[in-house]
Amino acid sequence: MISSESDFPSSSSSSSASFLTLEQRAAFVFVLILFIFLGLLIVRCFRILLDPYRSMPSSTWTDYMEKDTFDYRIS
């Protein structure tokens, strides 16, 4: 038996069958943005793992506090 196009449900015509609906486009764009965000996070985490001391400051606020209290003790 040969089936024709009229046997299939006519939810979309044959010319627009290759295009996505608006909801599918929105979901596709959302997933694409999530993958880009995930890729950026993975790159950032690997950069921190490879060189962890580059992102740290060379001195902290406790260095200044200890220096100030030590200077007051001397004088």
* Nearest 0.5 Å, what's the CG-CZ distance between D51 and F46? ->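 Going from CG on D51 over to CZ on F46, the span is 15.0 Å.
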* Answer yes if I42 and L34 sit in the same cluster of Ile, Leu, Val, Met, Phe, Trp and Tyr residues linked by side chain heavy atoms under 4.5 Å apart, and no otherwise. =>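 Different clusters.
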* Any side-chain heavy atom of Q24 sitting closer than 4.5 Å to one from T21? -> yes
* After noting the C-alpha distance and the side-chain angles of R44 and I48, does the key distance pass the side chain to side chain contact (heavy atoms under 4.5 Å, CB included) rule? -> CA-CA 6 Å; R44 184 173 184 264; I48 290 173; 4.1 Å; yes
